[in-house]
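Order of the sequence lines fixes the chain letters, A, B, ..., with proteins taken first and strands second; residue numbering starts at 1 for each chain. In what follows, every heavy atom counts, from backbone to side chain, and hydrogens, waters and symmetry copies are set aside. What you are looking at is a predicted structure, and each value in this text was computed from that prediction instead of being measured.
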Amino acid sequence: MTALAFDTLLAIAIAATAAGAVVARGLYASIALFIIYGLMLAVAWVRLEAIDVALAEAAIGAGLTGILLVGAAARCRAVERRTGAIGDGSGERRTLLRTIQGAMAGVLAAAVGAAVLLLPDSAPGLTATVAGTIERSGVSNPVTAVLLNFRGYDTLLESMVLVVALVGVWSLGAEQFWGGRPGLKQHARTDGVLAYFGRMLPLVGLLVGIHLLWAGAHAPGGAFQAGTVLAAVWLLVAMAGLRDAPPIASMRLRLLIVVGPAWFLAVGAIGALAGSFLGLPEAFASELILAIEVLLTLSIAVTLVLLVLGVPRRTT
Amino acid sequence: MTGITLFGLTGALVIGLGVFGLVARHHLVHRVLAFNLIGSGIFLLFGALASRSPNGTDPVPQALVITGIVVALAATALAVTLITRFAEASGRTHLPDDSEDGDGAV
Amino acid sequence: MTVFDILTLACAALGMVFFAAGTVGLLRFPDVHSRLHALTKADNLGLGLIALGLIFQAEGIATALKLLLVWLLAIFAAATASQLIARAALTGLDDDTPADPRP
Amino acid sequence: MALSDWLAPDMAWAAFSVIVPLAAALLSLPLARHARYIALPAALLGLIVACASAAQVWLHGAVLLAAGGWAPPLGIVLRLDGLAAAFLVLTAAISTAVAWYALPQFAARGASESRSGFAFWPLLFFLWAGLNALLVSNDLFNLYVALELIGLTAVALVALDGKPAVIAAALRYLLFALFGSLAYLLGVVLLYAQYATLDMTLLRHVAQADFATLLAAALMTAGLLAKTALVPLHAWLPPAHAGAPAPASALLSALVVKGSFYVVIRLWFDVLPNQAGAAFTTLLGTLGALAILYGSALAFRQNRLKPIIAYSTVAQLGYLFLVFPLAGGAGEAQPWGAAAWSGGMFHALSHGLAKAAMFLAAGTLIQAVGHDRIDGLDGIARSMPIAAFAFGLAAISLMGLPPSGGFTAKYLLLTAALAAGQWGWAIIMIVGGLLAAGYLFRVLNRFLLEGDRSATLQAVPAGGQIIALLLALAAILLGLLSATPYALLQIGRPDAAAGGLS
């Protein structure tokens, strides 16, 4: 009973923050509500007994996405202030159009909701299949087993999607800054509070990241969550002005970006030559998964940081 | 009603809200935000349906959702970079209205 | 109800009061800096009280230490984040704020 | 090892067709400055893998490969059949041609790394990898990841030029592509919730025609149609395809839109063959017919070369959707069903070759003239005969004139329409061919006008013109030598392609 009451409150909070993010007038208000929505959603994932997803949603869905949106909003506002065009403007007050659009969205939501109600209340899914096979996967956390072994091919392609996004982001930079450093230069007093925390928090973050990576084999955690924590550490260091972002022409940086996906791909290719594409021999499966995860975590962390920092904006 | 159904319906509602935001809001950052709402609504729906499993939440959807969250972030990063590039180059934060014919389209 | 339960309830309730105060401050104060002041002060204390309350329910010393660690990390994160927000406000990044103290 | 060992059924050619372009993409990211040493060898290797895949299918029939050795529903299966093999070869041929064509533009000798010179090569190979992953995938969620890989790469390729108008086109494309992916994903979620599998083969055996399944299928189809730019979801295509650099336009128009179409075909013919009602197939056919007429009409009204070609893509995509009403038929074997299905696939292949040839030819012409208004192309055939000839040959295939691949495709589709007594679709196809002739001759007439232009033209390397010509010749050869590709397409063909949707 208490659980259902809590779930109901949580569901209302999720729906309300989502609705607020859609209708809020100001861009910043929308984004703030979206981030709160993401955190509420992470709690919902905990309620659904999906801690791995809760970690990913809080760190990536709410955290990094929020940072990206805030950054875009800030640049858009700067442009709008310069050109004098503020706010949504066009078509915001056409009631009839709004009603039609609302009705369309409502029909879609109702149809999906009806499907939810029509589906049976109990469905085993693949829980038993995973449980029956997991001892051959090399890890004991079922989510990691699916991500890195049973459906490792998806994860391989997914790691490529991140690299594609980064290439796309970089390709949008200005020609004259090509090869330069992304983002703006951050200044911080070396004796300031920020600089102090910027030195101390990374150590803690590093520990948390490594713990998440290590724990992923048997408990919630894994490469993507750990990568996000490490990315956050780096971003903090960059924002505190302690360490400047590297120039994108840096060979070391580029190797860091590709090392995880490349190693994963190499494991897959060797398997394919030996007769099983992406096959991890049972005897070394846990070691191989750990090696893939360590390198993937590095690459993911670097790629996420660079995705947030954006296009190169200065040559020095 | 169980908590599972509740979160499933919430997911459906969030999808609808996101679609509304996508068509009704014209600021490009709002639209990207709406995409993320739709995506996370789909994920929540998936998670709710996966937890119908009697012995613990089905791990396969959990893994798929993590993949989906990462892919959504990649798309968002590309989208916001395109938006800021467009805003800084053209001074606009909305897409110009569709003009179908004529040579001005490009 | 044991004495620990009563202590938990008391601490959590007091924590909520601080959260409420912080939220009122966030909504009522005029500019970014005073809002931040209200928020960080009150919420850090509120969270600390709730964590303390939960420690009375902890099963072992490890759980209790983890709760303490959560509080400490949250304090550091809040301090860092508020520094960043304050700096952003000073450089005029956030213009949803009505009274923007521009240098 | 003898050649037959290399082509044995247990060789993982399906996996290598994804591995090779991915490796090339990752390699060219740190080594972009040396792209000219990487791109062509890697592309040729990719072409060899594609040919080996096709040969393997030819010799042994459809091949299944479980990634990681995990059988579905737990694992992901890669499936290589005739249709996949034909598209793998098409993708490899066009990507190799584009890589060769783009070398002088994006990998100039001795220059330091530039923005577009860096980005083009990883994007080209990631796109190729994404397309191959899509073609061999037998798993609905894996297809989602492949679709996103393709979509993000394609958007980045559109934006490569960097002009504000092109950025706007890329943004609109991204909005459509993301909407399409999410609609598709929502459908996948509903299917998994009901059947606890994502494997297309397993799904075919368990799927029923209930509300959740039909809602899922409708959402997936709508999302894929947005990505395929079927009218009325086409608005993003012309500015994006016309605004991208010519080699990128070739990839986008020839391959990327076919990728999502391919998934629509897989979805309805492989996964849900018994759930497409007559109303649904007629709707898809009608949208296809509208696309043919509307796209052609708009192609007529353009005064610049690349928008004409881009609107022509909108029109030509319409033919692909005539497969649905023509191959449909109350669940019974129809003699014309296989012809309609094969005709549609032939159309996708021949349009791919012809459209890539046309964009590459246009690219060299535009480079020589310095702009792409067609009134500035008067008499260009005299100075650049190879490019003009390539454009003309590609036009023949697009109009559906013999002996081109386009002719074979339309012949098969027309036969099916007449055999089925569905005269309406036949008339649309004939009108569409005439309209294509109209807007293409409008361009070709300009090319053939009198006058010597060579003084005002920029010098362009002959290589680009020759590559365009080779692709156009391939489109013609597809018609002349249609027996082999036709037979390849029939290997592992879904039953519904002969039996009809119902």
Portion of D:Leu29 that has a non-hydrogen atom of chain A nearer than 4.5 angstrom: both
What do you reckon, is CH2 of A:Trp178 surrounded by more than 12 foreign heavy atoms closer than 6.0 Å? yes
When the 4.5 angstrom heavy-atom criterion is applied to D:Val18 and chain A, the contacting part is side chain
Tell me which of these, D:Leu149, D:Leu152, D:Leu65, D:Leu74, has more heavy-atom pairs under 4.5 Å with chain A than the rest. D:Leu74
For residues D:Phe118 and A:Ile248, determine if any side-chain heavy atom of one lies less than 4.5 Å from a side-chain heavy atom of the other. no
Bottom line for D:Leu214: the part with an atom under 4.5 Å from chain A's heavy atoms is neither
How far apart are the closest heavy atoms of A:Ala115 and D:Leu190, and which atoms are they? CB-CD2, 4.1 Å
With heavy-atom distances below 4.5 Å as the criterion, would you say the side chains of A:Met160 and D:Leu26 are in contact? yes
Heavy-atom nearest pair, A:Leu265 first then D:Ala23, reads CD2-N, 3.5 Å
Tell me, do A:Arg151 and D:Trp70 make a side-chain contact under 4.5 Å, heavy atoms counted? no
Using a 4.5 angstrom heavy-atom cutoff, name the option from D:Gly75, D:Ala159, D:Ala14, D:Ala67 with the most pairs to chain A. D:Ala67
Under 4.5 Å to a heavy atom of chain A? For D:Tyr192 that would be side chain
Counting only non-hydrogen atoms closer than 4.5 Å, does D:Leu219 touch chain A with its backbone (N, CA, C, O), its side chain (CB onward), both, or neither? side chain
Interface residue of largest heavy-atom contact number with chain D, from A:Leu278, A:Asp154, A:Leu156, A:Leu253, under 4.5 Å: A:Asp154
Given a strict heavy-atom distance threshold of 4.5 Å, which part of D:Leu186 is in contact with chain A: side chain, backbone, both, or neither? side chain
I want to check something: taking the side chain as every heavy atom from C-beta on, are A:Tyr153 and D:Asp139 in contact at a cut-off of under 4.5 Å? no
Check each atom of D:Asn142 against the heavy atoms of chain A and say whether the ones under 4.5 Å are side chain, backbone, both or neither. both
Leading residue by heavy atom contact count with chain D [cutoff under 4.5 Å; candidates A:Thr133, A:Val130, A:Val169, A:Val146]: A:Thr133
For D:Ala196 against A:Gly125, the heavy-atom pair lying closest together: CB-CA, 3.7 Å
With respect to chain D, which residue among A:Gly271, A:Gly173, A:Gly268, A:Gly152 yields the maximal number of heavy-atom pairs within a distance under 4.5 Å? A:Gly173
Student check: side-chain heavy atoms of A:Phe150 and D:Ile76 closer than 4.5 Å: no
Of the listed A:Val116, A:Leu255, A:Leu280, A:Asn149, the one with the largest count of heavy-atom pairs under 4.5 Å with chain D is A:Asn149
Answer yes or no: is there a side-chain heavy-atom contact under 4.5 Å between D:Asp210 and A:Leu118? no
Output the option from D:Ala146, D:Ala15, D:Ala25, D:Ala212 having the highest count of non-hydrogen pairs under 4.5 Å with chain A. D:Ala15
Cut-off 4.5 Å, heavy atoms of chain A, and the answer for D:Leu78 is side chain
Heavy-atom side-chain proximity of A:Leu273 to D:Phe16 below 4.5 angstrom: yes
Considering residues, nucleotides and ligands other than D:Phe211, do more than 12 of their heavy atoms fall under 6.0 Å from its CZ? yes
Which atoms of A:Ala114 are under 4.5 Å from chain D, going by heavy atoms: the side chain, the backbone, both sets, or neither? both
Assess whether atom CZ of D:Phe179 is packed by more than 12 heavy atoms of other residues, nucleotides or ligands within 6.0 Å. no
Tell me which of these, D:Ser114, D:Gly69, D:Ala133, has more heavy-atom pairs under 4.5 Å with chain A than the rest. D:Ser114
Is D:Leu22 close to A:Leu157 at the side-chain level, that is, under 4.5 Å between some pair of heavy atoms? yes
Interchain contact, D:Pro122 with chain A, by part (heavy-atom threshold 4.5 Å): side chain
Based on non-hydrogen pairs under 4.5 Å, which of A:Val167, A:Val112, A:Leu108, A:Val163 is most in contact with chain D? A:Val167
Could you tell me which portion of D:Tyr144 (side chain, backbone, both or neither) has an atom closer than 4.5 angstrom to a non-hydrogen atom of chain A? neither
Quick check: does any side chain N or O of D:Arg115 sit under 3.5 Å from a backbone N or O of A:Glu175, one acting as donor and the other as acceptor? no
Determine, step by step, whether D:Thr197 and A:Leu126 satisfy the side chain to side chain contact (heavy atoms under 4.5 Å, CB included) criterion, reporting the C-alpha distance in whole Å, the side-chain angles of both residues, the deciding distance to 0.1 Å, and the verdict. CA-CA 8 Å; D:Thr197 180; A:Leu126 291 174; over 6 Å; no
For the candidates A:Gly275, A:Gly168, A:Ala269, which exhibits the highest count of non-hydrogen atom pairs separated by less than 4.5 Å from chain D? A:Ala269
Provide the closest heavy-atom pair for A:Ser171 versus D:Ala119 in the form atom of the first, atom of the second, distance. CB-CB, 3.5 Å
